[in-house]
Amino acid sequence: ELYVVENSMLAYDQANEHIKKALTINSANPQYWRWYLELTGPLKVSDDKIRQTYQEAIKQTDNSTDILSLYAGYLEKQN
């Protein structure tokens with residue numbers, strides 16, 4: 001997984017580019033969404049955009065429990 005290597009090298013822009021490409025190929029994969037969401041911190045994504053991304057991930061993964069759990073954790077930290 002190229003994303004994992006790039007992320008560990010702190011090459012966040014390249015990791016973001018490659019994980020977006022993976023999502024265009026298979027948007028139903030919860031792991032791809034997890035990795036994409038992990039990049040929101042290093043890339044300093046706005047809270048509104050993060051929430052939109054979680055909503056899209058939930059929709060695309062057919063309510064994946066993994067994504068729902070991540071989103072619940074994210075919302076809990078916001079309060």
- prompt: Going through the checks in order, is the side chain to side chain contact (heavy atoms under 4.5 Å, CB included) test met by R51 and D47?
  reply: CA-CA 6 Å; R51 287 188 180 115; D47 286 333; 4.2 Å; yes

Notebook entry, point to check: What's the verdict on side chain to side chain contact (heavy atoms under 4.5 Å, CB included) for W33 and I58, showing C-alpha distance, side-chain angles and the deciding distance?
Noted result: CA-CA 9 Å; W33 284 103; I58 291 166; over 6 Å; no

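Using bins of under 30°, 30° to 60° and over 60° for the plane-to-plane angle, the ring pair Y74/Y71 lands in the parallel bin.
Remark: T40 OG1 to I50 CD1 distance equals 4.0 Å, nearest 0.5 Å. To the nearest 0.5 angstrom, Y54 atom OH is 8.0 Å from L75 atom CG. The line from CD1 of I19 to CG of L37 is 10.0 Å long, rounded to the nearest 0.5 Å. The CD atom of E56 sits 5.5 Å away from the NZ atom of K59 when rounded to the nearest 0.5 Å. Taking CD from Q60 and OH from Y32, the interatomic distance works out to 14.5 Å, rounded to the nearest 0.5 Å. Between the CD atom in E38 and the CG atom in L70 there is a gap of 8.0 Å [rounded to 0.5 Å].
When hydrophobic clusters are built by joining Ile, Leu, Val, Met, Phe, Trp and Tyr residues whose side-chain heavy atoms come closer than 4.5 Å, directly or via intermediates, L10 is grouped together with V45.
At least one side-chain heavy atom of L43 sits less than 4.5 Å from a side-chain heavy atom of N16.
Contact between I67 and A57 at its shortest, heavy atoms only, is CG2-CB, 3.8 Å. Listed here is the closest heavy atom pair of S27 and T61: O-CG2, 4.1 Å.
The neighbour count for Q78 CD, taken as heavy atoms of other residues, nucleotides or ligands under 6.0 Å away, is above 12.
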